[in-house]
Amino acid sequence: MSVDEDTGASGEARFVEELADKDDFSQWYQDTVRKAEMAEDSPVRGCMIIRPYGYAIWENAQRGIDDRIKATGHENAYFPLFIPGSFLQREAEHVEGFAPEVAWVTRAGSEELAEPLVVRPTSETIIGHAYARWVQSYRDLPLLINQWANVVRWEKRTRLFLRTSEFLWQEGHTVHRTEDDAERETLLILHQVYQDFVERELAMPVIPGLKSDSERFAGALRTYTLEAMMGDGKALQAGTSHNLGQNFARAFDIKFQDADGQVKIAWTTSWGMSTRIIGALVMVHGDASGLRLPPRVAPTQAIIVPIWRKEAEREAVAAVVAEVEATLRAAGVRVKADWREERPGFKYSHWELRGVPLRIEIGPRDAQKGEVVLVPRTDRTAKESVAVGELGSRVPALLDEIQRALYDQAVAFRASRTYRASSFDELAERMADREHLGFVEAWWCGDAACEAEVKTRTQATIRCLPLDQPGGSGACVRCGKPAAKWAVFGKAY
RNA sequence: CGGGGUGUAGCGCAGUUGGCUAGCGCGCAGCGUUCGGGACGCUGAGGUCGGAGGUUCAAGUCCUCUCACCCCGACCA
């Protein structure tokens, strides 16, 4: 895809032509994020500047997540950015997992620090340290806390939103009395917080599943995940929930005296969802014209484009625009009118690029009839004229339809790119077909060697073992031995 | 971190074998004409060529180092 190399149309105009040739998905993604003014690179390697439009989407996502976290009984708190370096060492697997990407602070001003600090890559350790003091009795449990924070992981290869050296997220950390309680919590978060949020608000279908041991969080007993398919058929982990067993509780001495008088080691969980979902949003719904935002998280749900030539027309249109704005605000719609001195066509593509779900055109002809024209982002040919008086009910209904359409389209796309393989060759063939890349479902014997072999030869990994297992058994896609696990393979972001 | 590529105006690019006040398109500012799918004219502002060092009478063009970004791998939310 050539980028802005010839003359003629404006920058944004040409962008559409470029996007129409969506063959280079990575380039398309970068361009879309940048041109829609969501984010851009910063002077610091791998760190991004989240611009107001991107941040507004994040704020809406935060609200959706936070509401669910609170609704399931958790409270927010805040723990420090800096963690004593020694904390990381306490859990063997954990330090091994994170050490390579941890940023250290060794000096303050001109003083060398007595104990170097790590900039949190995640907060299990420092939170565990506090929990050890807070938890004394079974009556203190469960302890259900979440925090919104930034974390730093010095990644080798970064991409706006998808993988940045610093990212924003929420991380929940809970402590429980029994193993069952911890497992229940882990799954509650996975389904009622994450899956519900991602599917309802982001209109992004996901497969809830269990990670294989090799993909498990460093220090966890079990890691659950939500796997989503991006527009190029690759997989992206949209959220994770870990049952940490007693690993961290043991390392940080989180104990309690139970009703039977015994002192017991607690069971903990942790779970997180990050700004990465913004990248997923772009890659799942975007099209050749740019973003397509689900109404639930769109900063602007409806954009009014007034059309006029003469001053008299402008006044007539302005009166209707004001009425429409008032009506829609009253109906709870996030609406804006674009009064810039630009031609209508320019504004259409401007807002399409930014993914605004619904465009409302109001011109002299409409003003005269007391109508407006509604044009959904999901189908520009589906224009409908609606009387101003009906907008209060019609627009919210239409936004719901758009939300639904985005979800349905994503489900249909995923279905069209989900295959089954009964042999290694079939699996390898699928993973080699870049044009129709997708998920491959197959039996797996559970042997890490088979998993590793598949990865080496096809670059595909086990995204998850879906919680919704078909049951029964079959032959492992790699070794052919009896297999009881149904796995989803895919190339991951 | 390995392989490949690129850094020239806000963005996208051109700058012939080193040689005059470094160009072009978009964007931006002003004025005018336009306005139901990305308008046009005129005028104008804006770069010292990623950074450092070197070669040379002369460096955007050559050399060394360095930084950043992109693509492909390995690592990861």
Self-check item: Value in whole Å for how far the P atom of rG36(B) lies from CZ of R380(A)
Solution: 17 Å
Quiz item: Between K383(A) and E341(A), which has a closest nucleotide on RNA chain B that is more 5'?
Solution: E341(A)
Exercise. Check the side chains of T122(A) and E124(A) for a donor-acceptor pair under 3.5 angstrom, ignoring hydrogens and angles.
Key: yes
Self-check item: Distance in angstrom units between F346(A) CZ and rA39(B) C1', rounded
Solution: 11 Å
Quiz item: What integer number of Å spans the P atoms of rU64(B) and rG12(B)?
Solution: 27 Å
Quiz item: Could you walk me through whether E199(A) and Y407(A) pass the side chain to side chain contact (heavy atoms under 4.5 Å, CB included) check?
Solution: CA-CA 8 Å; E199(A) 294 192 336; Y407(A) 181 79; 3.8 Å; yes
Quiz prompt | Between F252(A) and H129(A), ring centroids under 6.0 Å | solution = no
Exercise. Name the orientation class of the two ring planes belonging to Y131(A) and F79(A) (parallel below 30°, tilted from 30 to 60°, perpendicular beyond 60°).
Key: perpendicular
Quiz prompt | Criterion side chain to side chain contact (heavy atoms under 4.5 Å, CB included) on D196(A) and R68(A), from CA distance to verdict | solution = CA-CA 9 Å; D196(A) 191 72; R68(A) 287 171 173 77; 2.7 Å; yes
Practice problem: Could you check how far CG of L353(A) sits from C1' of rG37(B), rounded to whole Å? | Solution: 15 Å
Exercise. In whole angstrom, give me the gap between the P atoms of rC20(B) and rG2(B).
Key: 39 Å
Quiz prompt | Stacked cation flag R163(A) on Y493(A), 6.0 angstrom / 45 deg | solution = no
Quiz item: What interatomic distance, in whole Å, is found between C1' of rU16(B) and the corresponding atom of rG60(B)?
Solution: 14 Å
Practice problem: Quick one, give me the B/S/- string for nucleotides 68-77 of chain B, reading 5' to 3', where B means a protein heavy atom under 4.0 Å from the base and S means that only happens at the primed atoms, P, OP1 or OP2. | Solution: SS-SBBBSBB
Self-check item: Axial cation check for F424(A) ring with R478(A), 6.0 Å and 45° limits
Solution: yes
Exercise. Provide the distance between the two C1' atoms, one in rA77(B) and one in rA39(B), to the nearest whole Å.
Key: 46 Å
Self-check item: Stepwise side chain to side chain contact (heavy atoms under 4.5 Å, CB included) test for L88(A) and V102(A)
Solution: CA-CA 10 Å; L88(A) 212 57; V102(A) 159; 3.8 Å; yes
Quiz item: What's the verdict on side-chain hydrogen bond (donor to acceptor under 3.5 Å, both in side chains) for Q170(A) and H74(A), showing C-alpha distance, side-chain angles and the deciding distance?
Solution: CA-CA 12 Å; Q170(A) 57 68 217; H74(A) 305 79; over 6 Å; no
Practice problem: Indicate, with a heavy-atom threshold strictly under 4.0 Å, whether V373(A) touches base, sugar-phosphate, or nothing. | Solution: base
Exercise. Determine the contact category for G363(A): base if any of its heavy atoms lies under 4.0 Å from a base atom, sugar-phosphate if only primed atoms, P, OP1 or OP2 are that close, otherwise nothing.
Key: base
Exercise. Nearest whole angstrom, please: distance from the C1' of rC35(B) to the OH of Y348(A).
Key: 10 Å
Quiz item: In whole Å, what separates the C1' atom of rG36(B) from that of rC31(B)?
Solution: 27 Å
Exercise. Would you mind reading off the distance between I304(A) atom CD1 and rG36(B) atom P, rounded to a whole angstrom?
Key: 19 Å
Exercise. Determine the interatomic distance between P on rG25(B) and the same-named atom on rG41(B); round to the nearest Å.
Key: 11 Å
Quiz prompt | Spacing of E37(A) atom CD relative to rG10(B) atom P, expressed in whole Å | solution = 16 Å
Quiz item: Base, sugar-phosphate, or nothing for E313(A), non-hydrogen atoms under 4.0 angstrom?
Solution: nothing
Quiz item: Ignoring hydrogens and angles, are the base of rG36(B) and the side chain of R309(A) linked by a donor-acceptor pair under 3.5 Å?
Solution: no
Practice problem: Round to the nearest Å and state the distance from R343(A) atom CZ to rC35(B) atom C1'. | Solution: 5 Å
Quiz item: Want to know the stems of RNA chain B: at least 3 consecutive Watson-Crick or G-U pairs with distances under 3.5 Å, which are they?
Solution: B:1-7 with B:67-73, B:10-13 with B:23-26, B:28-33 with B:39-44, B:50-54 with B:62-66
Quiz prompt | hbond_proxy E352(A) side chain to rG37(B) base (donor-acceptor, 3.5 Å cutoff) | solution = yes
Self-check item: Cation over ring face, R90(A) and F87(A), 6.0 Å, 45°
Solution: yes
Quiz item: Roughly how far apart, to the nearest Å, are rU55(B) and rC70(B) at atom C1'?
Solution: 31 Å
Quiz item: In whole Å, what is the span from the CD atom of E311(A) to the P atom of rU33(B)?
Solution: 14 Å
Quiz item: Rounded to the nearest 0.5 Å, how far apart are CG of L236(A) and OG1 of T225(A)?
Solution: 9.0 Å
Quiz item: Can you tell me how far P in rA59(B) sits from the matching atom in rG53(B), rounded to whole Å?
Solution: 14 Å
